[in-house]
Amino acid sequence: MLDLSSFDLSTIPVTEDMIDAEKVAHVQLKNPLEHALLVLTKTGYNAVPVLDLDGKFCGIISKSDIVEAMFGIEKIEVEQLYSKTVEDVMNVDIPTVHVSDSLENVLHVLIDYSFACVLDDRERMVGIYTRREMLKQLRNEYYQQRS
Ligand code: AMP
């Protein structure tokens with residue numbers, strides 16, 4: 001059985017195994033929804049961070065946010081993809097972690113979100129930490145204990 005008593009997430013920095021910002025697909029506030037849908041479709045991700053022109057974290061946008069924005073009263077309105085921007089439909093109430101935080105802080109965010117955005121003191125996104133990386137940490141611990 002996995003014994004987590006000696007596995008202290010509070011001692012592991014979030015920067016370990018974080019995906020650096022330059023490798024993170026993102027969209028910008030003023031991008032039309034068409035561009036965001038293209039990014040989400042081409043990358044295969046369900047959601048990506050939204051940044052402003054200075055790289056400051058503003059929220060996240062998902063495929064379902066975009067599809068929902070296209071629903072009119074009677075039909076799907078494809079023209080919304082061109083008239084609305086990311087800023088109009090993104091989610092802004094998103095928990096984040098600080099670059100000096102530990103994986104313990106990330107764990108709480110990953111209960112409800114598939115990735116946690118990592119910010120510096122100026123709210124700029126320096127990377128993301130994904131559920132996949134967290135599960136890899138747990139898997140490594142599990143097999144270390146069994147060996
Ligand atoms: P994973 O745990 O690897 O399945 O990733 C969870 C989520 O994190 C994905 O569905 C994306 O929303 C986001 N994600 C992972 N890698 C990237 C990346 N390189 N760029 C943007 N978003 C990412």
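Remember, it's 1-based here, ligands and their atoms both numbered in the order they're listed. Predicted model only: the values in this text are computed from it and were never measured.
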All N/O donor-acceptor pairs, side-chain side in residues 36-50, below 3.5 Å, sequence neighbours left out:
unit_1: T41; atom_1: OG1; unit_2: L37; atom_2: O; d: 2.6
unit_1: T43; atom_1: OG1; unit_2: V39; atom_2: O; d: 2.7
unit_1: T43; atom_1: OG1; unit_2: L40; atom_2: O; d: 3.4
unit_1: T43; atom_1: OG1; unit_2: Y45; atom_2: N; d: 3.3

Is there a side-chain contact (heavy atoms from CB on, under 4.5 Å) between I12 and F7? Walk through the geometry before answering.
CA-CA 10 Å; I12 308 175; F7 181 47; 4.2 Å; yes
Looking only at distances, can you tell me whether any N or O atom of F115, backbone or side chain, sits closer than 3.5 Å to an N or O atom of ligand 1? no
- Applying side-chain contact (heavy atoms from CB on, under 4.5 Å), run through M18 and V126 and close with a yes or a no. CA-CA 9 Å; M18 172 182 93; V126 293; 4.3 Å; yes
Atom 7 (C) of ligand 1 has as its nearest protein heavy atom S114 OG, 3.5 Å
If you scan protein heavy atoms around atom 1 (P) of ligand 1, the nearest is R132 CB, 3.7 Å
For residues 86-95, please give each side-chain donor-acceptor pair under 3.5 Å, one per line with the distance, not counting sequence neighbours.
unit_1: E87; atom_1: OE1; unit_2: K30; atom_2: NZ; d: 2.9
unit_1: D88; atom_1: OD2; unit_2: T85; atom_2: N; d: 2.8
unit_1: D88; atom_1: OD2; unit_2: T85; atom_2: OG1; d: 3.4
unit_1: N91; atom_1: ND2; unit_2: D65; atom_2: OD1; d: 3.4
unit_1: N91; atom_1: ND2; unit_2: D65; atom_2: OD2; d: 2.8

Is atom 4 (O) of ligand 1 less than 4.0 angstrom from at least one protein heavy atom? no
Does ligand 1 come near enough to A25 that some N or O of the ligand is less than 3.5 Å from an N or O of the residue?
yes
Honestly, for K23 the part within reach of ligand 1 (heavy atoms, under 4.0 Å) is backbone
Exactly one candidate in M134, K136, Q137 meets side-chain contact (heavy atoms from CB on, under 4.5 Å) with D17; the answer is Q137
So the atoms of ligand 1 within less than 4.0 Å of a heavy atom of I19 turn out to be 16 (N)
